[in-house]
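What follows is one structure encoded as structure tokens, with my remarks underneath.
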Protein chains: 2
Amino acid sequence: MNFQSNISILVNEQVYLKSPESSKLGQKIIRGSIDLIDELGFEDFTFKKLASSIQSTEASIYRYFESKHHLLVYLVLWYWGWLEYRMHLRLANIENPKERLKRAVSVLTEKITEDSNFSQINEVKLNRIVISEASKIYLNKKVDSENELGFFLPYKRLVALVSDIITEINPDFKYPHMLVSTVIEGANHQHFFAEHLPRLTDCCDDEDAISHFYQELVLNEIK
Amino acid sequence: MNFQSNISILVNEQVYLKSPESSKLGQKIIRGSIDLIDELGFEDFTFKKLASSIQSTEASIYRYFESKHHLLVYLVLWYWGWLEYRMHLRLANIENPKERLKRAVSVLTEKITEDSNFSQINEVKLNRIVISEASKIYLNKKVDSENELGFFLPYKRLVALVSDIITEINPDFKYPHMLVSTVIEGANHQHFFAEHLPRLTDCCDDEDAISHFYQELVLNEIK
DNA sequence: CAAAATAGATAGTATTACTATTATATTTGT
DNA sequence: ACAAATATAATAGTAATACTATCTATTTTG
């Protein structure tokens, strides 16, 4: 039934000390950290708490990730890789560029409400983590050195992918990358605001408003 | 010469234990923290380092702010208050709504490159701090309780101010708040990307590209 | 079955994010 | 000018965090 079981999302090897996919403990670390970061927020999350929640030890976790920052990077890179995969699936066999663009924007802006059964990872929780924590992986002083290690390539690929569709539709549009990264970051922020600071949004009732808004924004902007 | 010297930006009293404007030490804390956060980033910034950089003690700083998080909140709220003040100045006596909107967007998206002589605060450094650290004041689990204390009112006011101009121009536009908060957050991100992750933007050479991009975006969207 | 890799248990360190206490200046009200 | 109030400095201390190191037991693999 699960035709996807023979593929897996690859994450930059520099991010971890030992691949968490390679062992039972590694998988418990990933699952447990998603549960715990979602519950406590990244600031209050510690390896000690994670260790006790998965019945292991701090030292064992440190064999997989050199810091909690690296673990967060792993989760976010996995998510970006997963988004790219979903993007390719949703665009497969669609020829019309405008339709491709609409679909791409919807992949970038929709909130994840169902688990994909794609892996043992809970994508609904991971999406919530990405919404509130993802920007912390680059909004810091390590950004340049980690950029050199290629940490942000999946994000850049995602942006380039959608930018190319825009350029196909309107080759004269000057700011395709800016537009796409604005949409990705914007959608995450709007989902957060909708839940916590509603006066910064206009989605009184329906959550689809965010996706509609960005659909419209992109189409208006490039024509 | 400095006609502004008789006014000051008010910051929510819940943010501090004792007003840093009320004493010499308080002012040194603000100035020193702007220098140090700009230099080290918020993660590596500590009250101990701040104390030694301004020749005071950790315990003395704790009399003004109950945590470094509160100090960051203070700085960001001050900045938002200052932006609102600049906004009012730039819109003063301008009648034409479209011109008002253009000016408002430019206030929200331009990078600060000159000190305003408005106060003893270095706005150029504070702007850099806002670009990379501001979102951390709400992207955490304390957001709801701090929202109840009114921490984010200045941000909401700023968004409401510009939303009202949009609604004046096009009363049928459904998402004015979303558009404005997307512009504010987006511009900050783009400034950060331009410096650290240029492939996520399109501002090869000119820094004005960001402001132009958002001008265009807003005008296209509401008509 | 031996060698290698993996995980657990335990201990230890420097730093962080605070709190508490006391002593010494400095400001202010009369 | 002086007492009272307030602000600051100096010092000490604590629990938690973010690690590192080491040693042993277990599991996997060649």
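The model shown is predicted, which means the values in this text are computed figures rather than measured ones. All chains are named by letter (A, B, ...) in the order of the sequence lines, taking the proteins before the strands, and each is independently numbered beginning at 1.
- In this entry the distance linking NZ of Lys24(A) with C1' of dT26(D) reads 16 Å, nearest Å.
- Here dC18(C) is the nucleotide among dC18(C), dT16(C), dA9(D) with the atom lying nearest to any side-chain atom of Ser67(B).
- The listed nucleotides are dG8(C), dA7(D), dA17(C); the one nearest the side chain of Ser60(A) is dG8(C).
- Contact annotation: Ser56(A) side-chain N/O to dG8(C) OP1/OP2 distance is under 4.0 Å.
- Rounded to an integer number of Å, the gap from CZ of Arg63(B) to C1' of dA5(D) is 14 Å.
- Computed from coordinates, the Asp44(A) CG to dA15(D) P distance equals 19 Å when rounded to whole Å.
- Of the candidates dT17(D), dA9(C), dC18(C), the closest approach to any side-chain atom of Lys49(A) belongs to dT17(D).
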**Request:** Check the pair Tyr138(A) / Phe193(B) against ring-ring contact (aromatic ring centres under 6.0 Å, His included), numbers first and verdict last.
**Result:** CA-CA 10 Å; Tyr138(A) 53 78; Phe193(B) 292 159; 5.6 Å; yes

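- With distances taken from any side-chain atom of Thr46(B) to the nucleotides dT17(D), dA17(C), dA10(D), the minimum falls on dA17(C).
- When the C1' atom of dA9(D) is taken as reference, atom CZ of Phe47(B) falls 17 Å away, rounded to whole Å.
- Taking the six-membered ring for Trp and the full ring otherwise, Tyr85(B) and Trp82(B) have centroids separated by 6.0 Å or more.
- Rounded to an integer number of Å, the gap from Ile61(B) CD1 to dT19(C) P is 14 Å.
- In this structure, the CZ atom of Phe65(A) is 19 Å from the C1' atom of dT20(D), given to the nearest Å.
- Comparing atom distances between the Ser23(B) side chain and each of dC18(C), dT6(C), dT8(D) picks out dT8(D) as nearest.
- Counting only heavy atoms from C-beta on, Tyr62(B) has its side chain closest to dA17(C) among dA17(C), dA9(D), dA7(C).
- Lys48(B) has no side-chain polar atom (N or O) that falls below the 4.0 Å cut-off from OP1 or OP2 of dA17(C).
- The nearest whole Å value for the distance from the CG atom in Leu25(B) to the P atom in dT6(D) is 18 Å.
- Taking only distance into account, the side chain of Glu58(B) meets the base of dC18(C) through a donor-acceptor pair shorter than 3.5 Å.
- When rounded to the nearest whole Å, the span between CD1 of Ile54(A) and P of dA9(C) equals 12 Å.
- When the side-chain nitrogen and oxygen atoms of Tyr64(B) are compared with OP1 and OP2 of dT8(D), one or more of them lie within a distance under 4.0 Å.
- Each of dT8(D), dA20(C), dA21(D) was ranked by its minimum atom distance to the side chain of Ala59(A); first place goes to dA21(D).
- Open room surrounds NZ on Lys48(B); 12 or fewer heavy atoms of other groups in view lie less than 6.0 Å from it.
- Counting heavy atoms of neighbouring residues, nucleotides and ligands inside a 6.0 Å radius, atom CG of Leu10(A) does not exceed 12 of them.
- The side chain of Lys18(A) has dA7(C) as its nearest neighbour among dC19(D), dA7(C), dT16(C).
- Around the CD atom of Glu13(B), the shell of radius 6.0 Å holds no more than 12 heavy atoms that belong to other residues, nucleotides or ligands.
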